[in-house]
Number of protein chains: 2
Amino acid sequence: MSISKIAKALNVSKSSVSLVINGKAKQSRISEEMEKKILDYVKEIGFKPNSIAQSLATGKTNTIGLIVENIGDSFFGPIALKIESSLREKGYHVLYSSTNGVDKLGEGIINSMMERRIAALIIAPTMDMNKAIKKLIHSQIPLVIFDRRAQEISTAYVGTNNYEASAVAVKHLFAQGYKNIGMITSDSSQSQMLERKQAYINEVNQQNLKPLLLEIPYRLNVPEREELIGQFINENDLDAIYFSTNYLCISGYKVLSRYDIVHQFGIVSFDDHEVFELVKPTVTCVRQPIIEIAERIVESVLKQINGESDWLRDDIIPSVLVVRNSTQGPNK
Amino acid sequence: MSISKIAKALNVSKSSVSLVINGKAKQSRISEEMEKKILDYVKEIGFKPNSIAQSLATGKTNTIGLIVENIGDSFFGPIALKIESSLREKGYHVLYSSTNGVDKLGEGIINSMMERRIAALIIAPTMDMNKAIKKLIHSQIPLVIFDRRAQEISTAYVGTNNYEASAVAVKHLFAQGYKNIGMITSDSSQSQMLERKQAYINEVNQQNLKPLLLEIPYRLNVPEREELIGQFINENDLDAIYFSTNYLCISGYKVLSRYDIVHQFGIVSFDDHEVFELVKPTVTCVRQPIIEIAERIVESVLKQINGESDWLRDDIIPSVLVVRNSTQGPNK
DNA sequence: TTCCTTTGCTAACTCGGTTTAATAGATAAC
DNA sequence: GTTATCTATTAAACCGAGTTAGCAAAGGAA
């Protein structure tokens with residue numbers, strides 16, 4: 001079914017049908033009689049306009065792109081859930097893609113989404129995306145960057161206070177009496193990781209201690225990762241570790257459990273995880289307000305789409321330290 | 001930029017440009033000279049055809065819809081990841097939606113995706129989707145149902161052997177010496193849940209014992225759920241529980257830990273989870289081959305889109321019992 | 001009656017592509 | 001020299017909508 005066929009069936013013009021369907025009957029001086037005739041028929045046959053044709057004619061789509069690292073993980077998954085349900089309520093569809101750790105995919109994904117003429121783009125950028133994102137800004141498409149920043153590019157950004165929250169986390173370990181606090185992070189140079197690392201370094205330096213860092217390549221598999229962590233723990237006389245993200249903490253926890261020193265060890269992770277409440281000892285963490293981050297992203301996207309100019313360039317939503325504190329504390 | 005503008009700029013016809021861009025130069029007897037001229041220009045200005053216009057003209061989209069219960073959970077998330085990356089390689093985009101436990105959303109989501117003229121639909125159906133799915137079949141759209149079946153409807157289906165795998169799980173508990181094995185499941189009447197439950201009931205009956213079932217409403221929040229589980233454990237003299245899904249098992253595990261009887265308890269969960277390897281005692285589970293399920297879904301979708309008729313109506317991929325066995329066994 | 005408004009509706013163009021029948025010019029065949 | 005065949009190209013129709021200028025009929029004012 002199409003608007004033209006309806007027009008023929010009712011012996012009226014396409015224009016009338018289109019105007020009525022779009023609720024422009026009044027303003028286009030369509031008689032109530034005509035309006036009723038068309039609406040009744042449309043309802044009767046259950047007609048829905050072809051949204052592809054609509055998009056072509058209006059130049060607008062109701063599709064929004066979402067690009068994250070891994071939609072299957074415990075951070076991006078719930079964010080994607082909330083973003084989609086909020087946008088659906090507003091009549092939008094969400095197209096997603098995961099870069100899955102392969103930085104080079106980023107630009108291609110952005111381009112192919114742009115060809116689909118999406119209405120807006122939400123991105124947790126990889127390192128290789130900078131050129132592509134600059135082009136996006138040039139193209140004027142509504143854009144929200146989140147979680148980590150795109151280098152030297154000013155866009156709407158939603159994220160947490162990585163530096164401050166990390167500083168609080170490290171301070172917490174010191175306050176508990178731990179002295180030799182190491183940090184395990186990924187080797188990524190994404191902004192959020194750098195901020196977390198810098199906070200650790202600065203806090204440790206303030207205590208006149210020297211930072212002990214292990215940076216693990218993203219593409220290592222789990223056993224390789226655990227091997228590295230094991231070495232790191234053995235080679236340094238640590239009593240606590242600050243993990244820059246939860247999947248690293250889980251690996252680290254496994255290793256520590258193996259050595260059976262986990263009960264004295266200080267452990268704090270950035271990002272919460274179901275596991276942390278269930279294991280013994282439980283794990284203290286920096287929890288990002290996932291729902292709120294998703295809400296702010298959606299808010300910014302919608303504002304930009306609707307041409308409102310009061311969206312924030314920098315929407316920083318503070319994380320909270322969730323103290324679980326079930327370890328026995330340092331024994332030195 | 002558009003094909004027409006390119007045509008004007010080069011002083012040739014739209015048709016020539018379109019044919020060349022689509023690689024139909026040879027078969028349409030376009031001269032190599034003309035072909036080169038057009039291709040060079042297209043590359044120079046970095047032109048990409050508007051895929052919305054293409055869709056309208058061809059009646060085909062390269063967008064595939066994915067409808068699951070919750071894209072943020074540990075089962076659907078990784079499946080969504082794999083589905084999207086596989087389909088992207090084949091030139092498709094994926095539109096997702098989560099019903100999020102609200103059965104009534106299902107039909108609306110399906111309809112709005114259909115309006116977008118998606119090329120195919122992948123659904124883990126809710127209970128309310130039956131009418132809508134019947135319509136889909138009528139509409140001839142390539143369709144794959146997975147995880148749970150749509151009632152009385154024959155479509156391409158990908159899933160695991162819920163009944164057999166559950167039977168193995170319950171047998172495993174009996175083999176370990178447990179006698180009073182309860183089952184905790186959701187109150188959902190989705191097919192996969194019913195199969196898991198039925199297997200449990202039959203296995204218990206075979207031992208001349210009576211089934212002890214707790215069915216928890218999906219919409220309960222975590223504390224309410226734990227409350228119910230606590231009662232269930234107290235009121236029945238259980239020594240083991242079979243959980244129909246991992247999120248229920250996590251709740252149950254928490255409760256059992258609280259009562260400190262977790263080390264003697266027999267616990268098996270359907271679906272694996274990161275937690276299960278990390279907690280002590282570790283948790284034995286029935287693990288669905290997630291990657292393979294996603295691959296088979298994609299395979300079926302592509303076959304249907306390409307008009308190949310050898311896709312399977314019933315693609316059952318067996319689960320494996322992952323025995324972690326760290327409990328001490330029953331003490332009775 | 002004539003002229004001006006208002007009302008109700010629609011023809012025709014547009015969006016950016018795909019597809020096919022038709023055409024003109026060059027070659028080949030007779 | 002005439003006709004048939006090929007080659008290279010394009011005009012025109014189409015997909016399914018949205019948009020707007022303009023027309024005819026009716027009503028009102030002079």
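We name chains A, B, ... by the order of the sequence lines, and we start the count at 1 in each one.
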Inset, instruction - Go through the side-chain N and O atoms of A:Ser15 and A:Ser18 and say whether any donor and acceptor fall under 3.5 Å apart. - result: no
Inset, instruction - Give a yes-or-no answer on whether the side chains of B:Gln190 and B:Gln151 include a donor-acceptor pair shorter than 3.5 Å. - result: no
Inset, instruction - Assess whether one donor atom and one acceptor atom, taken from the side chain of A:Ser15 and the base of C:dA11, lie less than 3.5 Å apart. - result: yes
Legend entry - 5' precedence on DNA chain D between B:Leu56 and B:Glu32 (nearest-nucleotide basis): B:Glu32
Inset, instruction - Measure the distance from CD on A:Gln27 to P on C:dG8 and round it to the nearest whole Å. - result: 15 Å
Inset, instruction - Go through D:dT19, D:dA17, C:dG16 for me and flag the one nearest to the A:Lys24 side chain. - result: D:dT19
Legend entry - Atom pair distance, as rounded to whole Å: CD1 in B:Ile30 and P in D:dT10: 8 Å
Inset, instruction - Decide whether A:Gln304 and A:Ser300 meet the rule of one side-chain donor and one side-chain acceptor closer than 3.5 Å. - result: yes
Inset, instruction - Using distance alone, with no hydrogens and no angle criterion, decide if A:Arg116 and B:Thr63 have a side-chain donor and acceptor under 3.5 Å apart. - result: yes
Inset, instruction - Examine the base of C:dG17 for any acceptor or donor lying under 3.5 Å from a partner atom in the side chain of B:Lys14, and report the outcome as yes or no. - result: yes
Legend entry - Spacing between B:Met1 atom CE and C:dG16 atom P, to the nearest angstrom: 11 Å
Legend entry - B:Ala57, nearest nucleotide to its side chain (from D:dT9, C:dG17, C:dT10): C:dG17
Legend entry - Of A:Arg29 and B:Ser28, the one whose closest DNA chain C nucleotide lies more 5': A:Arg29
